[in-house]
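Everything below concerns the one structure shown next.
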Amino acid sequence: MSGNWDIVIIGGAVTGASAAWWLKGAAPDLRVLVVEKDPTYAFAATALSVASVRQQFSNPVNVEISRFGVDFIRHFADRIGPEGGVPSLGLKENGYLFLTGSEAGRAVMEEIAGMQRGLGAATEVMDRAALAAKFPWMVLDDVVAGSFGPRDEGWFDNMGLLNGFRAAAIARGAVFLKDEVVGLTREGGRITGVKLKSGGTVGAGQVLCAAGTGATAICAMAGADLPVEPRKRTVFVIDAPNARHPDAPLIIDHSGIYLRPEHGQWITATVPDTDGPCAIDDWEPDHAQFEELIWEKLYNRAEGFDAVKVTRFWVGHYDYNRLDQNAVIGLWPGFENFYIGGGFSGHGLQQSPAVGRGLSELMLTGGYRTIDLAPLSPQRILDNRPFLERAIV
């Protein structure tokens, strides 16, 4: 592969595919190349995600991103068109339920819920009695309150979202290339070319790095220090015959676990106290986490988890932003044409519709035209100025 392209996108999973689709929709004559080293996406965060969407964030920009995202996901077939080849993403709106065991936690929930409702979400803060009435199967002795989203929150088909964006972007004329980026050429504040493992260099008018956990290495090729590292998450699918609650929400338990129903079973996971960076090729599951860290907490929350069998498990990697666990989106300071969409820290799938749109606006017009994503700018990385999110999962 050689030649010159108006835009080269490094990384063809959901963020890169979304950006390509939006770019070609806004400027059909653009020559857009998407370089993806593994088009099976076997190890992509997109494929290994638990595929959820929520409105319950503490920063207004993240709520706005998700407000757009859930509407896009709900009406995906209409928005993407028949070229996407995906009739529905099967959005299941069971909601999210955040639990807290303290009055201070309840106060924070009340404050955040008011902001979320002001932006169109339906978040409600429920006391223990209200929770017991709605979820009678739960043990709530240690719970003071819960923040619940009765609509616009749930889970959906993750690969349908990726495949739909990709197919529709190709139908619009974007080119997806199976290859790996091994270097960048730079002249002053411009990236002029992208070196490919297969040999040769493609010229680039603009470059977007959407490489997930690989984004740190790509940014280093440009001389940019992105504080993003892979964090390993082992996710368990369990069968609990005494706990069949298919209408349950995705529960973020203050004991340190989360769980949600999945086709008559449950998905559950935790973040161990020893959480830290892992090797980018470390896909070894932490089998012991279920019995050592999760099962007792499940039983304490609902006695129906007395009998449980792990039916399968998998490992995914977060592109974990060490600064503040929020996405890094925009033009990298000091460059005229090098953009980043990464560091999503577990939120990239649900944020991809709005982020792809925002990046296309910024790259084509020099500014945001819909949601202002400036609070997520990489300038905060250089300034060491965290943009903290209180509702991290």
Side-chain angles (χ1 to χ4, degrees), residues 13-14 18 41 44-57 62-63 65-80 84-99 113 116 120-124 126 131 134-138 146-165 233 235-241 243-253 257-269 298 301-302 304-305 311-314 316 344 346-354 391 393:
V14 72
S18 172
Y41 301 106
T46 301
L48 300 171
S49 163
V50 295
S52 304
V53 59
R54 60 182 165 107
Q55 313 298 297
Q56 294 187 66
F57 288 91
N62 282 333
V63 180
I65 287 170
S66 284
R67 294 294 301 147
F68 178 77
V70 73
D71 182 73
F72 196 94
I73 289 164
R74 182 184 290 111
H75 302 291
F76 187 66
D78 294 334
R79 298 297 297 270
I80 208 79
V86 178
S88 171
L89 295 181
L91 176 64
K92 190 168 179 61
E93 292 180 72
N94 283 32
Y96 264 68
L97 174 63
F98 285 79
L99 298 176
Q116 293 163 354
T123 314
E124 54 189 77
M126 308 168 71
L131 289 169
K134 189 168 185 65
F135 308 108
W137 49 273
M138 293 178 65
S147 178
F148 178 57
R151 60 167 167 81
D152 302 332
E153 298 189 324
W155 45 96
F156 59 96
D157 178 2
N158 51 337
M159 290 307 290
L161 182 64
L162 165 57
N163 290 331
F165 268 135
R233 299 287 183 263
V235 181
F236 299 89
V237 179
I238 61 171
D239 185 37
R244 304 282 195 215
H245 305 293
D247 295 329
L250 193 156
I251 302 167
I252 310 298
D253 198 307
I257 62 172
Y258 74 77
L259 68 152
R260 71 162 173 84
E262 173 75 359
H263 301 304
Q265 299 184 326
W266 297 83
I267 286 176
T268 186
L298 287 175
R301 186 59 63 221
F305 287 105
T311 61
R312 64 187 180 94
F313 46 81
W314 73 86
F344 292 98
H347 308 133
L349 187 70
Q350 64 181 292
Q351 294 189 329
S352 62
V393 177

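The figures here come from the full heavy-atom set of this structure, side chains too, leaving out hydrogens, waters and symmetry mates. The first residue of the sequence shown is numbered 1, and numbering continues consecutively from there.
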Problem set entry | Ring geometry between His245 and Trp266 (parallel below 30°, tilted from 30 to 60°, perpendicular above 60°) | perpendicular
Exercise. So, do Trp155 and Val50 sit near enough that their side-chain heavy atoms are less than 4.5 Å apart?
Worked result: no
Exercise. Considering residues at least two apart in sequence or located in another chain, which fulfil the ring pair (Phe, Tyr, Trp, His ring centres under 6.0 Å) criterion with Phe236?
Worked result: Phe290
Exercise. Is it true that a side-chain atom of Ser352 and a backbone atom of Val14 form a donor plus acceptor pair closer than 3.5 Å?
Worked result: no
Exercise. Looking only at heavy atoms, what is the nearest atom pair of Ser52 and Leu250, with distance?
Worked result: OG-CD1, 3.3 Å
Problem set entry | CG-CG distance between Leu48 and Leu349, expressed to the nearest 0.5 angstrom | 11.0 Å
Exercise. Which value, rounded to the nearest 0.5 Å, describes the distance between Arg74 atom CZ and Leu91 atom CG?
Worked result: 6.0 Å
Exercise. Counting distance only, does the side-chain N/O of Glu93 pair as donor-acceptor with the main-chain N or O of Pro150 below 3.5 Å?
Worked result: no
Exercise. Between the side chain of Asp253 and the main-chain N/O of Leu298, is any donor-acceptor distance below 3.5 Å?
Worked result: no
Seminar exercise, completed: Closest heavy-atom pair, Ser49 versus Ala51, reported as atoms and distance to 0.1 Å, is OG-N, 2.7 Å
For this session: Assess whether side chain to side chain contact (heavy atoms under 4.5 Å, CB included) is satisfied between His347 and Asn62, documenting all intermediate values.
Result: CA-CA 10 Å; His347 308 133; Asn62 282 333; 5.9 Å; no
For this session: Can you see which heavy atom on Pro261 is nearest to which on Pro249, and at what distance?
Result: CD-O, 3.8 Å
Problem set entry | Arg79 vs Asp71 side-chain heavy atoms within contact, under 4.5 Å | yes
Exercise. How long is the gap from NZ on Lys134 to CE on Met126, to the nearest 0.5 Å?
Worked result: 6.0 Å
Problem set entry | Closest non-hydrogen atom pair, Leu161 against Phe156 | CD2-CE1, 3.9 Å
Exercise. Just how far is it from atom OG of Ser88 to atom CD1 of Ile73, taken to the nearest 0.5 Å?
Worked result: 11.0 Å
Exercise. Would you call Asp239 and Arg244 a salt bridge, using N to O less than 4.0 angstrom?
Worked result: yes
For this session: Look at the side chain of Gln55 and the backbone N and O of Asp152, then say whether any donor-acceptor pair between them is shorter than 3.5 Å.
Result: yes
For this session: List in chain and number order the residues that pass ring pair (Phe, Tyr, Trp, His ring centres under 6.0 Å) with Phe313, two or more places apart in sequence or in another chain; answer none if no residue qualifies.
Result: His287
For this session: Compare all side-chain heavy atoms of Phe305 with those of Leu259 and state whether any distance is below 4.5 angstrom.
Result: yes
Exercise. Going through the checks in order, is the side chain to side chain contact (heavy atoms under 4.5 Å, CB included) test met by Met138 and Leu99?
Worked result: CA-CA 12 Å; Met138 293 178 65; Leu99 298 176; 3.9 Å; yes
Exercise. Is the charged tip of Arg260 near the ring of Tyr258: under 6.0 Å from the six-membered ring centre and within 45° of its axis?
Worked result: no
Seminar exercise, completed: All heavy atoms of Leu131 vs all of Gly146, minimum pair found to be CD1-N, 3.6 Å
For this session: List the steps and the verdict of side chain to side chain contact (heavy atoms under 4.5 Å, CB included) for Leu97 and Phe135.
Result: CA-CA 11 Å; Leu97 174 63; Phe135 308 108; 3.8 Å; yes
Exercise. Nearest heavy-atom pair of Thr46 and Asn158: which atoms, and what distance?
Worked result: O-ND2, 2.9 Å
Exercise. Parallel, tilted or perpendicular: which describes the rings of Tyr96 and Phe98, with under 30° parallel and over 60° perpendicular?
Worked result: parallel
For this session: Give a yes-or-no answer on whether the side chains of Ser66 and Gln350 include a donor-acceptor pair shorter than 3.5 Å.
Result: yes
